[in-house]
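Notes to accompany the following structure.
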Amino acid sequence: MTASLSAPGSSVMGRSAWLEPWLATLPAPSGPLEAVQVRGRRALREQPVPSSRQEDWRFTDLSLLQQLQQAPGAGDAAAAASAAALPPPAPGAFRLVLDGRSDPLDGVTLPEGLQALNPLEIGQGLGHTLAATGCEQHWPVELNHAAAGTLLALRVTARHSVRLELVSAAGAGLLPLRLLLVLEEKAALEVNQLLLAPGPGSISLVLEAHLARSARLHHGLVALGHPEAALLGHLALEQEPESSANLTAVSAGWGLARLEPRVLQVDGQAVTTLRGLQVVDGRQIADTHSHVRFNGPEGQLDQLHKVVAAGQGRSVFNGAVRVPREAQRTNAAQLSRSLLLSDRARIDTKPELEIVADDVKCAHGATVSSLQTDELFYLQSRGIGADQAAQLLQRAFCEEVLRELPAVARAWCPLEALQRQDGLA
Amino acid sequence: MIRSDAPVLLEIRDLQARVEDKAILKGVNLTVRAGEIHAVMGRNGSGKSTLSKVLAGHPAYTVTGGSVTYRGDNLLELDPEQRARIGVFLGFQYPVEIPGVSNLEFLRVATNARRGEKGEEELDTFAFEDLVRERLKVVQMDPAFLERSVNEGFSGGEKKRNEILQMALLEPVVAILDETDSGLDIDALRIVAGGVNQLAGPDNATLLITHYQRLLDAITPDYVHVMAAGRILRTGGKELALELEQRGYDWVDEELAALEAAGDRTPVEVG
Ligand SMILES: Nc1ncnc2c1ncn2[C@@H]1O[C@H](COP(=O)(O)OP(=O)(O)O)[C@@H](O)[C@H]1O
Ligand SMILES: [Mg+2]
């Protein structure tokens with residue numbers, strides 16, 4: 001069953017041979033993330049690169065990361081061009097370009113309600129949510145620790161409402177993005193984050209957000225990649241009671257895209273909405289490992305994960321939900337729906353519900369279907385060609401997730417890009 | 001309106017078809033000329049919907065014999081979309097719900113596909129909205145239905161009106177309406193029948209598949225055909241429909257049994 005994973009040269013040794021040379025290309029630890037860099041580099045030297053022998057990485061091959069050895073620079077022009085080609089920021093939205101090198105707040109006047117965290121606050125907050133959600137030692141997080149030299153650390157002050165656009169485009173090598181967001185009581189933040197990889201290259205994203213009581217976060221991630229590009233993302237949230245968070249992530253075109261939303265409702269009584277759409281074609285791999293934990297009663301989770309798999313694409317969904325004894329009256333629903341467009345594509349989906357509390361509602365379901373003959377025929381019987389009919393149906397399938405993206409992010413997400421065979425190439 | 005010199009639009013000759021291993025159509029013959037309205041009646045399961053789907057090109061049905069000529073060309077070798085573009089329209093007995101596809105966009109793409117075939121220019125969204133608003137009147141449909149997904153959550157009657165709206169936009173040459181009257185209340189029936197009457201003209205033809213006389217009170221057919229066990233058993237004028245209404249279908253069964261006993265055109269078993 002896993003024959004495709006033991007291709008020549010993908011032994012554990014061969015797999016991680018790139019790591020040392022790559023670490024050697026990194027500048028000496030310095031700056032606001034110096035301690036984090038030291039920690040990450042040490043961890044990468046000690047931890048093996050994940051391989052199919054680990055349950056969490058069973059289907060997800062990291063060999064694309066070998067190209068990290070490549071000196072950065074080659075693809076930067078294309079990356080810059082794709083970021084520059086974006087429509088202007090939406091009215092009332094504040095746009096920052098994150099290039100992984102310069103301080104994104106340099107020379108920037110922040111809008112009302114948004115403040116940069118000071119070094120002391122960064123020292124206290126950085127890593128807190130990663131630890132709380134149990135992923136600080138995950139390999140992709142350590143990779144980010146090792147490489148990230150800049151950080152975007154922001155606070156949305158109490159009762160303010162802010163719209164933020166974050167744009168990043170990868171060139172060759174690794175683009176590390178590290179974000180820390182603190183939402184005070186009743187603060188509201190809408191983040192539209194766009195990640196582009198127009199050519200070979202990789203993006204490592206680590207986002208931590210802390211939502212105080214009654215805060216609201218809507219994070220829409222649109223990640224459009226390339227068959228030779230990799231995306232590794234951890235989105236970690238801590239939610240205080242009465243807060244609400246919506247994480248909607250759409251990815252398409254990446255050789256490898258692995259997203260790990262991690263949510264902790266610290267005292268329950270919060271609302272979490274997770275939406276995912278991953279599109280794979282060719283030999284692409286899309287992997288979502290989500291993890292939601294309720295450390296108190298009356299929490300809510302509404303999760304929908306969708307996949308469109310064509311060609312020999314492969315998708316993995318693992319949705320962990322933890323409902324310990326103290327999380328009585330939790331209401332959690334998780335649904336995974338996959339559209340299989342080719343009989344050579346593969347879909348592995350696994351809910352992982354661990355429910356100890358007895359008075360809870362937890363629903364989960366998984367469906368895999370192909371395009372419906374009767375729907376196709378109905379469209380064709382009105383003169384719509386078979387290919388266009390298939391595209392309409394595919395788009396309709398995606399629509400359920402796309403409509404949860406904030407409006408701007410939708411505009412970034414031309415559906416054609418989702419349907420293009422070769423990403424942004 | 002019967003005119004013997006009107007051009008033949010659709011010529012069905014000894015059409016046989018099966019689904020999976022089951023023979024369903026067992027030799028259907030039917031000639032439709034421009035300007036005519038034909039009604040096809042018959043019990044449930046007699047093969048009416050199968051006939052309509054074979055004509056539209058549904059992939060589940062395999063033609064095993066006979067021919068269908070549309071305006072002189074072999075219809076059966078065309079893809080479903082091609083048949084639609086050249087003017088064959090099927091109004092579905094059970095219109096399909098397509099969540100996530102906007103009805104308005106669906107109608108526009110379909111209309112433009114047909115216009116392209118006719119050599120007319122494509123309509124942009126604005127021009128199309130004007131057209132669709134005008135055609136909505138044919139079926140007295142609320143424009144709000146344009147904003148919804150195709151047929152999603154529509155009532156039975158709303159779905160049927162949406163079918164007639166599509167017909168009004170596509171302006172077919174041969175319209176096959178499969179039980180467009182079923183599930184309609186009196187008002188909806190009147191609206192749908194009014195729409196069909198408005199669209200019927202000297203250059204096109206309509207094939208009405210129905211169970212009931214009541215549709216034929218509103219739309220007067222030139223011919224009535226009675227289908228049984230996969231073929232057309234009898235053809236007459238509109239009085240045949242009245243006869244069916246009064247006598248039921250039992251005599252059809254008797255006639256069929258007699259026919260089969262006589263060995264005349266015994267159904268062909270395939271498989
Ligand atoms: N897709 C199908 N699969 C299996 N049997 C079918 C299918 N379509 C039609 N049939 C069978 O063919 C016969 C004729 O059906 P149909 O054409 O729907 O009749 P009508 O429209 O006159 O009620 C019935 O016995 C029906 O069960
Ligand atoms: Mg029928």
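First the proteins, then the strands, lettered A, B, ... as listed; each starts at 1.
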Around atom NZ of K361(A), are there more than 12 heavy atoms from other residues, nucleotides or ligands closer than 6.0 Å?
no
So do H58(B) and Q380(A) actually touch side chain to side chain, heavy atoms under 4.5 Å?
no
Side-chain touch L392(A)/E105(B), heavy atoms, less than 4.5 angstrom
yes
Is a donor from one side chain sitting under 3.5 angstrom from an acceptor on the other, for Y378(A) and N151(B)?
yes
Contacting region of S381(A) [heavy-atom separation from chain B under 4.5 Å]
both
Within a reach of under 6.0 Å around CZ of F145(B), are more than 12 heavy atoms found that belong to other residues, nucleotides or ligands?
yes
Take a 6.0 Å sphere around CZ of R216(A) and say whether it holds more than 12 heavy atoms from other residues, nucleotides or ligands.
no
Under 4.5 Å from any heavy atom of chain B, what part of E400(A) do you find: side chain, backbone, both or neither?
neither
Part of E117(B) lying under 4.5 Å from any heavy atom of chain A
neither
Could you state the interatomic distance from CZ (F106(B)) to CD1 (I384(A)), rounded to the nearest 0.5 Å?
5.5 Å
Over all atoms of both residues, closest heavy-atom pair of A396(A) and P99(B)
CB-O, 3.3 Å
What distance separates I98(B) CD1 from L393(A) CG, expressed to the nearest 0.5 Å?
5.5 Å
When rounded to the nearest 0.5 angstrom, what distance separates CZ in R382(A) from CZ in R114(B)?
12.5 Å
Pick one of side chain, backbone, both or neither for P95(B), based on which atoms fall under 4.5 Å of a heavy atom in chain A.
both
Do F92(B) and F377(A) make the cut of ring centroids closer than 6.0 angstrom?
yes
Check D374(A) against V96(B) and note the closest heavy-atom contact, atom names and distance.
O-CG2, 3.8 Å
Under 4.5 Å from a heavy atom of chain B, the part of Q372(A) involved:
neither
Less than 4.5 Å to any heavy atom of chain B: does that hold for the side chain of A389(A), its backbone, both, or neither?
neither
For the CG atom on N74(B), are there more than 12 heavy atoms of other groups (residues, nucleotides or ligands in this structure) within a distance under 6.0 Å?
yes
Ignoring hydrogens and geometry, is there a side-chain-to-backbone donor-acceptor pair from R85(B) to G383(A) under 3.5 Å?
yes
